[in-house]
Amino acid sequence: MHFDLIDLRLFINTLEAANITAGAERSHLSLAAASARIRAMEASLGTPLLNRTRRGVNPTPAGLALGQHALRVLQQVDHLQFDLAQFAQGSQGQVRLLCNTAALTEYLPELLAGFLQRFSGVDLDVQERPSLQSVQDLRDGRADLAILSDAVDTSGLQTLAFRDDPLVLIMPRHHPLTQTPSPDFIASLDHRHVCLGAQSALALHLDEQARRSARRLAVRVRAEGFDGLIRMVAHGAGVGVVPRAAAERCHGHLDFIIEPLSEPWAARKLVLCATDFASLPGYARGLVELLQQ
């Protein structure tokens with residue numbers, strides 16, 4: 001194969017536009033030059049890459065495979081440019097980080113602040129996502145890193161340990177559920193819950209676990225964060241499920257009961273996840289190293 005970066009960018013632009021003329025314009029090439037380059041790519045591979053119709057073009061199976069690899073190659077080139085730019089003008093760029101509710105509220109604020117002080121030219125785009133959605137966004141190239149539960153399928157991605165993050169049941173001191181020996185999540189569904197916002201990663205996760213048991217989570221009130229949720233529980237609004245780290249942080253100044261959950265899904269671990277850690281820009285790898293400390 002004798003492809004160069006112009007060939008790969010032309011091919012991606014052509015696939016996105018579904019038209020060789022538009023792909024040539026996006027690549028700042030004449031139609032004749034673009035057509036010649038694509039024909040040369042097909043000749044080099046010995047197989048057609050595009051199906052040509054009156055309405056435009058669409059990729060053959062070989063063209064789809066080339067398009068996927070071309071995207072990765074061009075991303076690597078972009079990362080190379082970022083890394084080399086650090087020597088000339090300091091670290092410049094942005095890291096797109098997805099994380100679940102617990103990571104965002106309990107573990108990341110101080111760590112991310114330290115990273116931003118160290119890399120003054122780097123911005124962070126941090127978004128809360130359920131773990132399943134984070135995995136899909138990584139596979140689709142919409143994020144650089146994610147922090148997610150190890151319970152989800154991460155096949156095809158790379159992971160590194162981040163934190164143990166078990167979920168616990170919390171109850172007001174005199175709640176009826178405290179009379180049940182070792183109450184589990186299913187037992188808690190007989191009582192009204194204090195939950196996070198309906199679109200938070202943890203709320204979606206708990207709703208899913210309830211549905212798997214053919215039950216429904218009875219929500220009495222929703223809170224904006226773990227602190228508000230725990231305060232409401234401590235003052236009798238209902239029961240709740242939160243990460244153990246959040247419960248222990250508040251336990252010293254609020255009166256409530258903490259009960260470990262026995263369900264396997266509650267004994268979760270958080271992992272750092274990426275498509276390929278080695279291919280991340282230097283400043284993104286710096287974030288990974290800091291998060292692992």
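Predicted, not measured: the structure shown is a model, and the values here were computed from it. Below, each value reflects all heavy atoms present in this structure, side chains not excepted, and no hydrogens, waters or symmetry copies.
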For residues Pro243 and Ala102, report the shortest heavy-atom separation together with the two atoms involved. CG-CB, 3.5 Å
Going from CG on Leu177 to CE on Met171, what distance comes out if it is rounded to the nearest 0.5 angstrom? 5.5 Å
Below 4.5 Å, heavy atoms only, C-beta onward: do Gln209 and Ser213 meet side chain to side chain? no
In terms of hydrophobic clustering (I, L, V, M, F, W, Y; side-chain heavy atoms under 4.5 Å; direct or indirect links), are Leu64 and Leu10 co-clustered? no
Do Leu202 and Leu108 land in one hydrophobic cluster if side-chain heavy atoms of ILVMFWY residues count as linked below 4.5 Å? no
Determine, using the 4.5 Å side-chain heavy-atom cutoff (strictly less than), whether Leu167 and Leu104 are members of one ILVMFWY cluster. no
Between Arg72 and Asp276, does any side-chain N to carboxylate O distance fall below 4.0 Å? no
Under 3.5 Å, is there a donor-acceptor pair between the Ser200 and Glu128 side chains? no
Mind listing the closest non-hydrogen atom pair of Pro176 and His191 along with its distance? CB-CE1, 4.3 Å
Walk me through it: do Phe277 and Val288 pass the test side chain to side chain contact (heavy atoms under 4.5 Å, CB included)? CA-CA 8 Å; Phe277 287 107; Val288 172; 4.0 Å; yes
What's in the same ILVMFWY side-chain cluster as Leu98, cut-off under 4.5 Å, chained through other members? none
Atom CZ of Arg26: over 12 foreign heavy atoms under 6.0 Å: yes
Taking side chain as C-beta onward, heavy atoms only, is Val242 less than 4.5 Å from Val233? no
A side-chain contact here means heavy atoms from C-beta on lying under 4.5 Å apart; do Val194 and Arg220 qualify? no
The reported gap from CZ in Arg249 to OG1 in Thr105 (rounded to nearest 0.5 angstrom) is 7.0 Å
Please give me the minimum heavy-atom distance between Gly67 and Leu15, naming the atom from each residue. CA-CD1, 4.1 Å
Arg222 atom CZ, over 12 foreign heavy atoms within 6.0 Å: yes
Any side-chain heavy-atom pair of Arg163 and Ile147 under 4.5 Å: no
Taking atom NE2 of His253 as the centre, does the number of heavy atoms from other residues, nucleotides or ligands within less than 6.0 Å exceed 12? yes
Do Val122 and Phe115 have side-chain heavy atoms sitting under 4.5 Å apart? yes
Heavy-atom pair with the smallest gap, counting every atom of Ser131 and Ser149: OG-N, 3.0 Å
Let me confirm one number: the CG-CD distance from Asp184 to Glu263, rounded to the nearest 0.5 Å. 4.5 Å
So does Gln94 get a backbone contact from the side chain of Asp123, meaning a donor-acceptor N/O pair under 3.5 Å? no
Considering the options Ile20, Leu49, Asn19, which one meets the side-chain contact (heavy atoms from CB on, under 4.5 Å) requirement together with Thr14? Ile20
Euclidean distance, Phe11 CZ relative to Leu74 CG, rounded to 0.5 Å: 12.0 Å
With no hydrogens and no angle check, do the side chains of Asn13 and Ser27 hold a donor and an acceptor under 3.5 Å apart? yes
Got a second to check how far Leu280's CG is from Gln75's CD, nearest 0.5 Å? 10.5 Å
Would you kindly confirm whether Val126 and Phe226 end up in one hydrophobic cluster when ILVMFWY residues are joined by side chain heavy atoms under 4.5 Å apart? no
Working to the nearest 0.5 Å, report the span between CG of Leu145 and SG of Cys273. 9.0 Å
ILVMFWY cluster, Tyr107 and Ile230 together (side-chain gap under 4.5 Å): no
More than 12 non-hydrogen atoms from neighbouring residues, nucleotides or ligands closer than 6.0 Å to CZ on Arg118, yes or no? no
Scan side-chain atoms only and decide if Gln127 and Asp125 contain a donor-acceptor pair under the 3.5 Å cut-off. yes
Under 4.0 Å between a side-chain nitrogen and a carboxylate oxygen: does that hold for Arg129 and Asp137? yes
Tell me the closest heavy-atom pair linking Leu169 and Ser188, and the distance in Å. CD1-CB, 3.8 Å
Would you check if Arg139 and Thr275 make a side-chain contact, meaning some heavy-atom pair closer than 4.5 Å? no
Side-chain cluster (under 4.5 Å, hydrophobic types only) that Leu204 belongs to, other residues: none
With a cut-off of 6.0 Å (strictly less than), are more than 12 heavy atoms of other residues, nucleotides or ligands near CD of Glu224? no
Before accepting this row, confirm whether a basic side-chain N of the pair Asp150/Lys269 lies closer than 4.0 Å to the acidic partner's carboxylate O. no
Tracing side-chain contacts under 4.5 Å among Ile, Leu, Val, Met, Phe, Trp and Tyr outward from Val271 reaches Leu132, Val135, Leu138, Leu148, Val152, Leu157
Check: Ala201 main-chain N/O paired with His205 side-chain donor or acceptor under 3.5 Å: no
Glu42 versus Leu50, closest heavy-atom pair with distance: OE2-N, 3.4 Å
Before you tell me yes or no, could you show the steps for Arg216 and Asp207 under side chain to side chain contact (heavy atoms under 4.5 Å, CB included), namely the whole-Å CA-CA distance, both residues' side-chain angles and the distance that decides it to 0.1 Å? CA-CA 7 Å; Arg216 182 175 176 274; Asp207 282 339; over 6 Å; no
So, does His175 use its side chain to make a donor-acceptor pair with the main chain of Gly238 at under 3.5 Å? no
Working for side chain to side chain contact (heavy atoms under 4.5 Å, CB included), residues Leu229 and Ile170: CA-CA 10 Å; Leu229 189 160; Ile170 59 173; 4.0 Å; yes
Side chains of Arg52 and Ile38: does their closest heavy-atom pair fall under 4.5 Å? yes
Go through the steps for Ile257 and Arg173 under the test side chain to side chain contact (heavy atoms under 4.5 Å, CB included), then give the verdict. CA-CA 6 Å; Ile257 303 297; Arg173 171 101 18 212; 3.1 Å; yes
Can we say Asp4 and Arg37 salt-bridge, meaning some charged N sits less than 4.0 Å from an Asp/Glu carboxylate O? yes
Could you tell me whether Arg142 and Asp140 make a salt bridge, using a distance below 4.0 angstrom between a side-chain N and a carboxylate O? yes
Side chains of Phe119 and Leu287 in contact at under 4.5 Å (non-hydrogen atoms): no
Counting only heavy atoms not in Arg268, do more than 12 fall under 6.0 Å of its CZ? yes
Salt bridge check: are Glu208 and Arg215 linked by an N-O gap of less than 4.0 Å? no
